[in-house]
Amino acid sequence: MPQTVHRQCTLCEAHCGIDVEVEGDRVLRITGDAQDPISRGYICPKAAALADLYADPDRLRRPVRRVGSQWEEIGWEEALDMAAEGLRAVQRRHGNDAVATYFGNPSAHTMAVLSGLPMRHVLNTRNHYSATSADQLPQHLTSAEMFGNLALFPIPDIDRTDYMLVLGANPSVSNGSLMTAPGARHRLRAIVARGGRVVVVDPRRTETAAHASEHVPIAPGGDPYLLLGMLHVLFAEGRTRLGHLEGLADGIATIEALAAEWPVARAAPIAGVDEATVQRLAREFADAERAVAYGRVGVCHQRTGSLTHWLINVLNAVTANLDVTGGAMFPNPAFDVGAVLKRARLLGFGDHGRHTQRVSGLPEMNGELPVAGLADEITTPGEGQVRGMLIFAGNPVLSTPGGARLEEALATLEWCVAVDMYVTETTRHANVILPPVSPLERSDIDVVMPVVSVRNHIRYSPAAVPKRKDGREDWQILTALTSRLGRGVGRRVEAAVASLPSAFTTPERIIDLGIALGPHGILRRGPRKGLTVAKIKRAKHGIDLGPLEPRLPGALDTADKRVQLAPPVLVAEAAKLAEHAREREDALSEGYDLTLIGRRQLRSNNSWMHNSARLMKGADRCTALLHPADAGARGLADGDRVRVVSRVGAIELPLEVSDEIRPGVVSVPHGFGHARPGVGWRLAAEKAGASVNDITDPSLVDAITGNAAFNAVPVRVEAT
Ligand code: SF4
């Protein structure tokens, strides 16, 4: 008898509600859950591909170990023992820091993320890495500096704003990133429909820009200059106001002095935007009753990522659009990650800048080091050199800068353990792969996305299909590994924690406690109104906890409970903006006459959904996108095969000629490049594409955090 299971799609940050129609262990259909409190029936084409992932014959079902270039299935106990012993042996030989961990993007989409924390503690290494430093690290830094907590993100109140300025983001395709907003395209259209404006600032006329009120085709890397030009106008014309932050925020005079250095005539040419547009945008933004500026990876992925996100927050603050309806607001999640970090900080966790990366000298944040420096940590001899790795749900060969060099480095490791469903471009270098069951086979409670969601909510996702008898969930694998790693190492506390009966240490138990203690929990709101996991489970379509509400000053985590508008580290970095502009110019004059930017696509999910036939059908999507004027100047035509060359490498791929991209810019999507020998996803390998990260430059990072600067890489394009 078919039945329908209501849960979430956990592939991307939108976490849309889905109805999964199943019969036994067969998935019949996946549709949107119209009763989900936030997605309201919306899904994108990737949701149906969850069924492909579940049924994929290329997906690993049992642990494997590498024997030469072959893989041999082994039992779970043997695999876990072998995996843990290999990591411990590396630490015995070379010290604790010789083992590094890398957690990929999917780890934020499963409650197993909580099981990674004891694992990190037991390994007791400084070498922790994750996709965070190839993604949103600048946003963590600005939140920590301005609001005192790296999990306190200002999120656009998209459903109630009148004016949305979008910089380097493509929510129509991403459905919101650090702004969980399923069906974002409809939400943006609704702004225009209610008489508002959506302005998209991007070198490419993205899918979001195509339906916006206005597209501003900025030069790559031009965002901080545009924002400073706008701030200059606002201060010069007396249009700034702090609203309810008056008396609660410090540093406005410093911001005014900084903006004074960037008159529009100076800022606009570097931004690549005409002066009149900069002035008009500033006035429109200040005049709108409710406005919000929002930036995402397009600006995070630059040398000035932290600076830009700071200026975005400042623009919202000085126009009285921070912490107000229709502006940038702080969600109030049931599981208060910010409060957890605050408590963890008291125990010595969850801060930043406590130590630096051995080779690059870049700072740690929240216990992690920048992944752009990982290859150097593996290849540079000396104390602390990485000789072994645990890689959880990550494919850094395709998703981090200088991936080809990292791949060479991974091949030199003495021991590598991967927790992954496939033999990928990265995990093919592992000695042992421990495969978790697919998302539809596990239950979940999403506690991460509500931290960045446009509406407060919480939802339980039951497994839609039974997991196979010998299947293990990702958290079970991590817990089993942690338990083994904690044995006999003389660290009594860790060993004791690791050997606690799993009934006490399941992520669900931890979440239950966190929710009970949280702002909507039973301990705060009482048994009738308060939340527990049991109550959340009973609400089949999730629980709506209402629209975002002002939370300052209560939510502030700064020492003096005030907003820091001008943190010294960011002000100091702003003094280098003229230097950054010169660097851009120099690079373009050294034989690399174009600037590379990335491109997100609706049917892609970073590097790991390219084995789904339904997502991969149609024309080749891994193309180099170039303006007709640039193509013509090089004698190139649409469909030609071209070589894109950077300082660190070259890739070959088909050319797509379109005026949707600004002249002087070339765009290549990320996540492709599956033509490596021995990968286990056959369809992906057939439609391999080229990896943009074979030409991104790991030496280009956000100057403060070390976040990878995938965008604005100097390149040239030539015929093959
Ligand atoms: S936008 Fe698509 S991939 Fe993302 S959660 Fe929703 S259905 Fe899944």
Could you walk me through whether R65 and E78 pass the salt bridge (charged side-chain N to carboxylate O under 4.0 Å, His left out) test, one step at a time?
CA-CA 10 Å; R65 75 165 167 210; E78 185 186 359; 3.4 Å; yes
Check: H670/N606 side-chain N/O donor and acceptor closer than 3.5 Å
yes
At what distance, to the nearest 0.5 angstrom, does CD1 of I704 lie from OG of S306?
4.5 Å
I would like to know whether Q136 and R296 meet side-chain hydrogen bond (donor to acceptor under 3.5 Å, both in side chains); could you show each step before the answer?
CA-CA 8 Å; Q136 79 278 12; R296 229 353 233 126; 4.5 Å; no
Find out whether T110 and D444 are in side-chain contact, i.e. whether some heavy atom of one side chain is under 4.5 Å from a heavy atom of the other.
yes
Could you check whether any side-chain heavy atom of T125 comes within less than 4.5 Å of a side-chain heavy atom of V386, counting everything from C-beta outward?
no
Please check if the side chain of S646 supplies one atom and the backbone of I695 the other of a donor-acceptor pair under 3.5 Å.
yes
Considering the options R354, R126, H355, H128, which one meets the side chain to side chain donor-acceptor pair (under 3.5 Å) requirement together with E364?
R354
When every non-hydrogen atom of E583 is compared with those of R303, the smallest separation belongs to OE1-NH2, 3.3 Å
Candidate pair V432 and V64, rule side chain to side chain contact (heavy atoms under 4.5 Å, CB included), full reasoning
CA-CA 6 Å; V432 184; V64 290; over 6 Å; no
Pair D56, N611 - check side-chain hydrogen bond (donor to acceptor under 3.5 Å, both in side chains), show working.
CA-CA 8 Å; D56 190 348; N611 217 42; 2.8 Å; yes
If you measure from the Lys or Arg side-chain nitrogens to the Asp or Glu carboxylate oxygens, is any gap between R387 and E377 under 4.0 Å?
no
Assess whether side chain to side chain contact (heavy atoms under 4.5 Å, CB included) is satisfied between L369 and N127, documenting all intermediate values.
CA-CA 7 Å; L369 293 164; N127 276 303; 3.7 Å; yes
Do NZ/NE/NH1/NH2 and the carboxylate oxygens of E77 and R472 come within less than 4.0 Å?
yes
Below 4.0 angstrom, N of the basic side chain to O of the carboxylate: do E72 and R66 qualify?
no
Do E652 and T720 have side-chain atoms, one donor and one acceptor, less than 3.5 Å apart?
no
When you check the gap from the basic side-chain N to the acidic O, do E414 and R93 get nearer than 4.0 Å?
yes
Distance col, row C9:SG vs H109:NE2, nearest 0.5 angstrom, shows 9.5 Å
Using side-chain heavy atoms (C-beta onward) and a distance below 4.5 Å, is L398 in contact with T426?
no
Below 4.0 angstrom, N of the basic side chain to O of the carboxylate: do E473 and R442 qualify?
no
So, taking the atom named CD1 in I433 and the one named CG in D420, what distance separates them when rounded to the nearest 0.5 Å?
7.0 Å
Run N395 and Y422 through side-chain hydrogen bond (donor to acceptor under 3.5 Å, both in side chains) and show every step you take.
CA-CA 10 Å; N395 194 354; Y422 290 98; over 6 Å; no
Please report the C-alpha distance between E408 and H429 in whole Å, then the side-chain angles of each, then the deciding distance to 0.1 Å, and finally whether the side-chain hydrogen bond (donor to acceptor under 3.5 Å, both in side chains) criterion is met.
CA-CA 10 Å; E408 284 171 21; H429 297 289; over 6 Å; no
Looking at CZ of R641 and OG1 of T623, how far apart are the two atoms once the value is rounded to the nearest 0.5 Å?
11.5 Å
Distance flag, aromatic centroids of Y129 and Y102, threshold under 6.0 Å:
no
Sidechain N-carboxylate O distance under 4.0 Å for R405, D376:
yes
Are H610 and F672, when compared by the centres of their aromatic rings, separated by less than 6.0 Å?
yes
SB check R676 D694 (cutoff 4.0 Å):
yes
Can you tell me how far the CZ atom of R603 sits from the CE atom of M609, to the nearest 0.5 Å?
11.5 Å
Rounded to the nearest 0.5 angstrom, the CG-OG1 distance for L60 and T427 is 7.5 Å
H674-W681 aromatic ring centre distance below 6.0 Å:
yes
Pairing of R484 and D81 as salt bridge, 4.0 angstrom limit
yes
Can you see whether D52 engages S612 through a side-chain donor-acceptor pair at a distance of less than 3.5 angstrom?
yes
Nearest atoms (heavy-atom pairs only) where T696 meets P401:
OG1-CA, 3.1 Å
The test is side chain to side chain contact (heavy atoms under 4.5 Å, CB included); show your working for N96 and L123 and say whether it passes.
CA-CA 7 Å; N96 286 348; L123 278 172; over 6 Å; no
